[in-house]
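These values consider heavy atoms only, across backbone and side chains, with no hydrogens, waters or symmetry-generated copies. Quick note on labels: first sequence line is chain A, next is B, and so on, each numbered from 1.
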2 protein chains.
Amino acid sequence: MTAGSPRNGTENERDGPRRIKSVCTAATVIDVIKQQQGGSLTDISQELELTKGTVHTYLQTLVDCGFVTRENGEYRLSFQFIALGEHVRNETDLYMAGHSEVDALAERTGEYAHLIGEERGRETVLYESRGEFAVAMDYHLRMRETPQHLHDTAAGKAILAHVPTDRRDEIIANQEFERQTANTITDAAELRETLADIRERGYAVNDEEEIRGMRAVGAPVLGPDETVVGAVSVTAPTSRLKDERFRTEMPEQVMETANLIEVNLETARFDS
Amino acid sequence: MTAGSPRNGTENERDGPRRIKSVCTAATVIDVIKQQQGGSLTDISQELELTKGTVHTYLQTLVDCGFVTRENGEYRLSFQFIALGEHVRNETDLYMAGHSEVDALAERTGEYAHLIGEERGRETVLYESRGEFAVAMDYHLRMRETPQHLHDTAAGKAILAHVPTDRRDEIIANQEFERQTANTITDAAELRETLADIRERGYAVNDEEEIRGMRAVGAPVLGPDETVVGAVSVTAPTSRLKDERFRTEMPEQVMETANLIEVNLETARFDS
DNA sequence: CCTTAAAATTTGCAGATATCAAACGCCGGT
DNA sequence: ACCGGCGTTTGATATCTGCAAATTTTAAGG
């Protein structure tokens with residue numbers, strides 16, 4: 001991930017649109033702190049290719065701005081991100097319209113239920129609710145920390161299936177379908193077929209495509225203007241999600257929840 | 001909040017330590033977007049005192065870096081903040097050690113229970129759990145979106161009471177105690193007395209000092225090295241939190257929870 | 001307590017870059 | 001077709017950034 005930027009400096013103002021270089025650098029600093037889970041000035045400046053003096057100035061600035069804190073010699077991302085995240089969440093209509101319904105779904109099924117949003121071809125967990133029997137906490141914890149690709153989850157495929165054609169092509173083109181398990185779909189053509197099926201049926205499944213032993217069912221949530229705004233899904237161990245329950249019962253429950261959320265979106269007005 | 005920075009530009013490099021100006025500007029842009037709940041280029045550039053051209057470059061940069069998205073002509077903060085917030089949360093020992101205990105507390109009391117962390121003299125909600133009878137959702141929603149002052153909440157006072165003396169003095173000196181209700185403590189001397197009491201008793205109360213009709217009880221959580229790492233609190237309408245329950249029962253439950261969390265902190269190893 | 005090494009912070013300087021103004025392009029409305 | 005508002009691009013210059021190296025602080029031993 002650290003690759004990216006061209007060796008700036010001497011002669012690379014070829015054509016790209018104008019950007020604020022220092023802001024990009026600051027973003028990289030934040031990313032390094034995230035990746036390394038905090039660290040000393042020396043740690044961080046070694047990871048970036050910048051002088052300690054330079055990185056020091058960046059870190060001081062980020063501390064001043066409240067994005068980073070220092071605690072006995074270690075820099076780490078500040079709690080401000082928690083508050084900002086909460087703010088973004090509460091601004092998101094899908095979250096406001098859907099979190100209670102997802103709670104109900106988790107309760108009814110006893111498993112993990114998720115409300116998923118999409119941005120830049122990645123999915124973000126907007127809300128998670130744990131049913132009584134929910135398993136794989138660690139996995140879900142990681143899910144929430146990083147926007148995931150769309151090709152190997154039920155919610156992701158449900159969203160991808162309903163995104164406008166041009167955007168779908170763009171996402172599929174710019175993304176490598178990393179193999180997670182034997183079942184992961186890594187072929188673009190196969191993925192397209194699956195997506196057509198999903199549009200047909202109205203729901204998506206994830207049959208141990210991301211984690212061995214885990215299945216999931218996901219349904220898209222369409223906004224008032226028929227564009228997809230996100231998805232709902234339930235994830236459970238294969239042993240508890242098979243046959244009828246996997247093929248009929250769970251899809252019905254997930255789609256029902258998605259439908260309820262759609263109604264909430266139509267009905268409610270989420271004023272500023 | 002937008003005040004702050006000295007009129008940079010002509011002649012203010014008097015003495016302050018060196019900072020990256022563009023990063024500060026970008027932080028302001030983010031803050032404006034947060035405050036205005038998104039907006040057009042024109043909106044945002046009017047709020048800042050910068051040319052549209054300049055702000056345009058900043059916004060493009062922030063979009064590239066993934067902090068901002070554009071959706072039909074409106075810029076808003078991206079879902080990335082949700083993921084980053086989650087990451088910070090999961091890195092925080094207090095959260096890992098305490099969220100289940102707070103769930104239990106909310107269940108036992110039937111009210112809102114919170115796990116609070118402190119940073120830069122402000123409190124951040126690390127975790128919130130709603131008991132069966134919990135009320136005032138909107139208020140708690142706002143609480144989660146912005147780090148609060150420490151003088152008018154139970155958790156805040158519990159933390160402030162146990163912070164090292166020098167830091168406490170610094171926080172009290174640099175903070176204005178905004179009056180929220182008739183009961184808000186706005187006098188530094190009075191606050192100091194209250195804090196001494198709190199250290200004595202081991203818990204803090206908030207008797208309609210922030211919201212009329214709402215009371216709260218908070219207890220500090222001390223880390224392995226005896227420094228305060230945060231607090232636990234329960235908030236309830238005054239009608240359900242009075243007499244014995246307010247003075248004895250609830251403090252005991254909150255302190256017990258805080259104690260359990262302390263034990264978890266001592267015991268568990270939260271490896272990177 | 002003193003010595004030494006490592007880490008953090010500060011500073012001068014030269015080259016890179018952010019900012020403004022102004023021009024341009026793109027709509028939607030009349 | 002004309003106008004007005006909004007977004008985008010661009011050239012030029014004053015300003016800021018980033019390196020290197022000096023200085024201070026902190027930590028570790030002896």
Side-chain angles (χ1 to χ4, degrees), chain A residues 2 4-30 32-33 36 38-65 67-76, chain B residues 4-33 36 38-65 67-76 166 225:
Chain A
T2 343
S5 51
R7 185 166 317 190
N8 67 20
T10 17
E11 43 82 28
N12 83 317
E13 69 257 18
R14 287 187 299 191
D15 53 343
R18 200 178 288 194
R19 295 293 128 95
I20 308 290
K21 208 180 109 192
S22 316
V23 174
C24 297
T25 308
T28 314
V29 173
I30 288 173
V32 168
I33 297 176
Q36 310 220 335
S40 66
L41 170 62
T42 314
D43 294 342
I44 296 166
S45 63
Q46 248 148 27
E47 193 66 20
L48 305 157
E49 290 179 4
L50 293 169
T51 326
K52 275 200 293 186
T54 303
V55 175
H56 177 257
T57 311
Y58 275 93
L59 286 168
Q60 291 303 325
T61 307
L62 288 169
V63 168
D64 267 17
C65 297
F67 291 118
V68 169
T69 16
R70 197 176 184 180
E71 227 158 66
N72 38 294
E74 294 263 302
Y75 291 96
R76 53 170 199 72
Chain B
S5 51
R7 184 166 317 186
N8 65 21
T10 19
E11 43 83 27
N12 83 318
E13 71 257 17
R14 288 185 298 188
D15 53 342
R18 198 180 290 192
R19 296 293 127 96
I20 307 290
K21 209 180 105 189
S22 316
V23 174
C24 298
T25 307
T28 314
V29 173
I30 288 173
D31 201 53
V32 168
I33 298 176
Q36 310 220 334
S40 66
L41 170 62
T42 312
D43 294 341
I44 295 166
S45 61
Q46 249 148 25
E47 194 67 19
L48 304 158
E49 289 178 5
L50 293 170
T51 330
K52 276 198 294 186
T54 304
V55 176
H56 178 256
T57 311
Y58 274 95
L59 287 168
Q60 292 303 325
T61 307
L62 288 169
V63 168
D64 267 17
C65 297
F67 290 117
V68 168
T69 15
R70 196 176 186 181
E71 228 157 64
N72 39 293
E74 294 263 302
Y75 291 96
R76 53 169 200 72
D166 50 344
D225 54 353

Worksheet entry | Length of the line joining L48(B):CG and dC20(C):P, which is rounded to integer Å | 10 Å

Discussion item. Does a side-chain N or O of H56(A) approach OP1 or OP2 of dT9(C) to a distance below 4.0 Å, or not?
Written reply: yes

Response to the item:
Separation of dG18(D) atom P from L59(A) atom CG, nearest Å, is 13 Å

Discussion item. Please report the distance, rounded to the nearest Å, between CD in E71(A) and P in dA8(C).
Written reply: 16 Å

Discussion item. Let's test your reading of the model: under 3.5 Å, does the base of dT17(C) pair with the side chain of R19(A) as donor and acceptor?
Written reply: no

Worksheet item: Should T42(A) be listed as having a side-chain N or O under 4.0 Å from OP1 or OP2 of dA8(C)?
Response: yes

Fill in: Y58(B) side-chain N/O to dA18(C) phosphate OP1/OP2 under 4.0 Å
no

Worksheet entry | Selected nucleotide, minimal atom distance to S40(A) side chain, candidates dA18(C), dG18(D), dA8(C) | dA8(C)

Worksheet item: What pair of heavy atoms forms the shortest contact from K52(B) to L41(B), and how long is it?
Response: O-CD1, 3.8 Å

Fill in: Between dA7(C) (P) and N72(A) (CG): distance, integer Å
16 Å

Item to complete: Examine dA18(C): is either OP1 or OP2 under 4.0 Å from a nitrogen or oxygen in the side chain of T54(B)? Give yes or no.
Response: no

Worksheet entry | Out of dA7(C), dA12(D), dC19(D), whichever nucleotide has its closest atom nearest the side chain of K52(A) | dA7(C)

Discussion item. Please confirm whether the shortest side-chain N or O distance from R70(B) to OP1 or OP2 of dT8(D) is below 4.0 Å.
Written reply: yes

Fill in: dT19(C) phosphate, OP1 or OP2, under 4.0 Å from T51(B) side-chain N/O
no

Worksheet item: If you measure only the distance, is there a donor-acceptor pair under 3.5 Å linking the side chains of D64(A) and T61(A)?
Response: no

Worksheet item: If you find the nucleotide of DNA chain D closest to L41(B) and the one closest to L50(A), which residue's nucleotide is nearer the 5' end?
Response: L41(B)

Item to complete: Grab the NZ-P distance between K21(B) and dA14(D) for me, whole Å please.
Response: 14 Å

Discussion item. Given dA8(C), dT8(D), dA18(C), identify the nucleotide with an atom nearest to the side chain of Y75(B).
Written reply: dT8(D)

Discussion item. For L48(B), run the side chain to side chain contact (heavy atoms under 4.5 Å, CB included) check against V55(B), T54(B), T25(B), D31(B) and tell me which one passes.
Written reply: V55(B)

Worksheet, complete the sentence: Separation of dT19(C) atom C1' from E49(B) atom CD, nearest Å, is 14 Å

Response to the item:
The nucleotide from dT17(D), dG7(D), dT19(C) with an atom nearest the side chain of R18(A) is dT19(C)

Worksheet, complete the sentence: Q60(A) atom CD is separated from dA7(C) atom C1', nearest whole Å, by 14 Å

Worksheet, complete the sentence: Closest non-hydrogen contact found for G39(A) with I44(A) is O-CD1, 3.7 Å

Worksheet item: If you find the nucleotide of DNA chain C closest to D43(A) and the one closest to T57(B), which residue's nucleotide is nearer the 5' end?
Response: D43(A)

Worksheet item: When the distance from CG of L62(B) to P of dA18(C) is rounded to whole Å, what number comes out?
Response: 13 Å

